**Student:** 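Starting off with a structure, shown below.
Positions are given from 1, in the same order as the sequence printed here. Just so you know, these numbers use all the heavy atoms, side chains as well, and skip hydrogens, waters and symmetry mates. Keep in mind the model is a prediction, meaning the values are calculated, not measured. Both ligands and their constituent atoms are indexed starting at 1 by order of listing.
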Amino acid sequence: MAGIPTSRDAGRFGAFGGRYVPETLVAALEALEAAWNDARADPEFNAELNACLRDFVGRPTAFTAAPRLSALAGGAMIWLKREDLAHTGAHKINNTVGQVLLAKRMGKKRIIAETGAGQHGVATATACARYGLTCEVYMGSEDARRQSLNVFRMKLLGAQVHEVNSGSRTLKDATNEAMRDWMGSVGETHYILGSVVGPHPFPTIVRELQSVIGVECRAQCLEVLGGLPDVVVACVGGGSNAAGIFAPFVTDASVRLIGVEAGGRGDEPGQHAAPLSFGSPGILHGSLSYVLQDPEGQTSNVHSCSAGLDYPGVGPEHAHWKDSGRVTYETVDDREALEAFQTLSRLEGIIPALETAHAISAAIRLAGQLSSDAHLVLNCSGRGDKDVQEAMRLLEARDKNA
Ligand SMILES: *Cc1c(COP(=O)(O)O)cnc(C)c1O
């Protein structure tokens with residue numbers, strides 16, 4: 001009711017965010033928020049997390065000049081923040097080790113997670129194996145079929161994989177199932193959400209854990225460039241790698257922040273996965289943000305060549321950054337991403353994830369509009385080993401149609 005504060009008012013980014021969940025989860029989310037605030041203030045927790053990030057994840061990750069990519073773009077110098085070098089090959093591990101340590105501290109012995117392509121499931125199973133927690137991962141049966149190697153990886157790491165047969169049998173349905181599990185098991189179970197989405201406090205916890213990317217990167221810029229960069233570019237699925245690199249730069253007004261969504265096959269509904277570019281405010285998975293939906297509020301189908309960007313929602317803080325004008329969001333389509341995937345491989349010896357390739361394409365475009373004394377930082381969110389087979393299929397299809 002208007003004027004009366006409710007738990008829905010917790011964790012707002014402007015009008016976005018909040019906590020749109022069944023009553024049974026409110027107490028659990030409040031306990032999680034309290035435990036997180038307590039952990040963040042405890043030097044012992046921070047020391048354990050930092051040691052894990054250094055010794056297990058391999059941080060700090062490198063900050064690498066990309067001279068041949070810069071020459072191609074013909075403008076700003078492009079720099080890469082190398083999350084592809086983190087353990088398991090992407091930024092997702094920063095979040096999962098942090099939440100596993102938090103779960104341990106809360107005395108929870110069982111971890112559940114949702115996964116789409118399987119990358120978050122693998123990162124969660126990895127952290128659980130490292131710390132000896134039980135891990136169960138929900139995955140749509142259609143995704144499990146398409147990503148059978150990741151299902152095998154999770155099982156190797158000791159996790160149990162539950163295939164979900166409802167709805168479109170993809171990420172959205174796996175998330176619903178994980179939330180349902182948590183409602184019945186919250187006493188002994190922690191739910192590790194994979195991006196800056198979901199009800200409060202998840203968007204804040206995940207952004208704070210991923211901010212290690214931006215904190216390191218900002219220090220590396222000051223050391224290597226002698227100042228702040230002009231532009232920071234990152235791809236946006238749920239928005240965690242972007243939020244992680246953007247957050248420490250948000251108060252630096254001189255730094256332009258650019259998020260890149262999946263333009264897919266085109267602008268028509270169902271052909272892309274770009275809620276900030278084409279969506280409208282709505283509630284998905286417990287929070288208010290931009291959502292791809294039809295006029296009746298039914299969540300739309302999405303498409304992207306990269307499984308990690310293939311999600312109809314986005315983190316609420318991005319919705320706020322969009323509306324306040326602090327971050328600009330663009331789209332890059334499948335064709336452009338595939339080309340950038342090849343370009344970075346050939347010019348810099350780094351095979352990027354297809355998600356990352358979206359940011360690379362936008363970075364080339366942007367750098368070309370800037371002068372040669374400008375610096376552009378690109379968050380290289382992950383490596384492309386997981387995507388080479390799909391890229392081979394897409395490139396063969398493209399070249400046959402050419
Ligand atoms: C999962 C993933 C993404 C998308 O997720 P965000 O939460 O938007 O960061 C991007 N890049 C890679 C390599 C991924 O694995």
Side-chain angles (χ1 to χ4, degrees), residues 61 80-96 99 113-124 126 139 143 147 150 153 171 174-175 192-198 202-203 205-214 232-247 257-262 273-276 285 289-290 302 304-319 321 327 329 331-332 337 340-341 344 350-362 378-388 390-391:
T61 59
L80 307 173
K81 179 58 178 161
R82 300 290 306 282
E83 293 306 295
D84 59 303
L85 295 178
H87 182 43
T88 69
H91 65 290
K92 286 194 170 72
I93 191 83
N94 302 325
N95 173 41
T96 59
Q99 288 202 52
E114 84 295 340
T115 198
Q119 297 306 111
H120 173 57
V122 169
T124 302
T126 299
M139 187 173 193
D143 285 337
Q147 305 288 338
N150 275 339
R153 281 191 185 99
L171 175 59
T175 306
I192 302 191
L193 255 165
S195 192
V196 284
V197 299
F202 282 111
I205 292 177
V206 179
R207 187 249 292 137
E208 287 185 7
L209 287 169
Q210 292 293 1
S211 289
V212 66
I213 305 170
V232 179
V233 182
C235 65
V236 177
S240 69
N241 85 89
I245 197 165
F246 290 168
L257 304 175
I258 313 281
V260 185
E261 295 191 297
L276 292 163
H285 297 139
S289 186
Y290 279 85
V302 281
S304 168
C305 65
S306 69
L309 302 185
D310 212 355
Y311 181 64
V314 67
E317 197 163 18
H318 285 287
W321 283 335
V327 181
Y329 296 88
T331 60
V332 159
F341 176 84
L344 192 77
I350 298 166
I351 300 174
L354 278 172
E355 292 84 358
T356 313
H358 289 73
I360 296 163
S361 179
L378 164 61
N379 197 17
C380 194
S381 58
R383 65 178 185 225
D385 304 38
K386 68 182 178 62
D387 292 322
V388 287
E390 179 66 2

**Student:** Are any non-hydrogen side-chain atoms of M139 and Q147 less than 4.5 angstrom apart?
**Tutor:** yes
**Student:** Report yes or no: does E261 contribute a side-chain atom to a donor-acceptor pair with the main-chain N or O of T331 at less than 3.5 Å?
**Tutor:** no
**Student:** Please verify whether a non-hydrogen atom of H91 lies at under 4.0 Å from ligand 1.
**Tutor:** yes
**Student:** Do any nitrogen or oxygen atoms of G239 come within less than 3.5 Å of a nitrogen or oxygen of ligand 1?
**Tutor:** yes
**Student:** Does G237 reach ligand 1 with a nitrogen or oxygen that is under 3.5 Å from one of the ligand's nitrogen or oxygen atoms?
**Tutor:** yes
**Student:** Quick check against the 3.5 Å criterion: does T115 have a side-chain atom that pairs as donor or acceptor with the backbone of G121?
**Tutor:** yes
**Student:** Check ligand 1 against G382 and write out every atom of the ligand that is under 4.0 Å from a heavy-atom position of the residue.
**Tutor:** 13 (C)
**Student:** So, the side chain of H358 versus the backbone of L354: is there a donor-acceptor pair under 3.5 Å, distance only?
**Tutor:** yes
**Student:** Looking only at protein heavy atoms, which one is nearest to atom 10 (C) of ligand 1, and what is the separation?
**Tutor:** E355 CB, 3.5 Å
**Student:** For atom 12 (C) of ligand 1, what is the nearest protein heavy atom, given as residue, atom name and distance?
**Tutor:** S381 OG, 3.5 Å
**Student:** When you compare the side chains of H91 and S240, does any donor N or O come within less than 3.5 Å of an acceptor on the partner?
**Tutor:** yes
**Student:** Ignoring hydrogens and angles, state whether a donor on the side chain of T356 or S381 is under 3.5 Å from an acceptor on the partner side chain.
**Tutor:** yes
**Student:** I need the atoms of ligand 1 closer than 4.0 Å to a non-hydrogen atom of N241, numbered in the order shown.
**Tutor:** 6 (P), 8 (O), 9 (O), 10 (C)
**Student:** I'd like to check whether G194 has a polar contact with ligand 1, where a contact means an N/O of the residue lying under 3.5 Å from an N/O of the ligand.
**Tutor:** no
**Student:** Does ligand 1 have an atom under 4.0 Å from some heavy atom of A242?
**Tutor:** no
**Student:** Starting from atom 6 (P) of ligand 1, what is the nearest protein heavy atom, named by residue and atom, and what distance separates them?
**Tutor:** S240 N, 3.3 Å
**Student:** Among side-chain atoms of E83 and T61, is any donor-acceptor pair under 3.5 angstrom?
**Tutor:** yes
**Student:** Would you say the side chains of N95 and Q210 form a donor-acceptor pair under 3.5 Å?
**Tutor:** no
**Student:** Using a 4.0 Å cut-off to any heavy atom of A353, which atoms of ligand 1 qualify?
**Tutor:** 13 (C)
**Student:** Check the pair I360, L378 against side chain to side chain contact (heavy atoms under 4.5 Å, CB included), reporting the backbone distance first and the verdict last.
**Tutor:** CA-CA 7 Å; I360 296 163; L378 164 61; 3.6 Å; yes
**Student:** Taking distance alone, with no angle check, do K92 and ligand 1 share an N/O pair under 3.5 Å?
**Tutor:** yes
**Student:** Considering only the protein, which heavy-atom contact is closest to atom 4 (C) of ligand 1, and what is its distance?
**Tutor:** G308 O, 3.4 Å
**Student:** Among side-chain atoms of Y290 and H318, is any donor-acceptor pair under 3.5 angstrom?
**Tutor:** no
**Student:** Just let me know how H120 lines up against ligand 1, side chain, backbone, both or neither, with a heavy-atom cut-off below 4.0 Å.
**Tutor:** neither
**Student:** For Q119 and ligand 1, does the shortest N/O to N/O distance drop below 3.5 Å?
**Tutor:** no
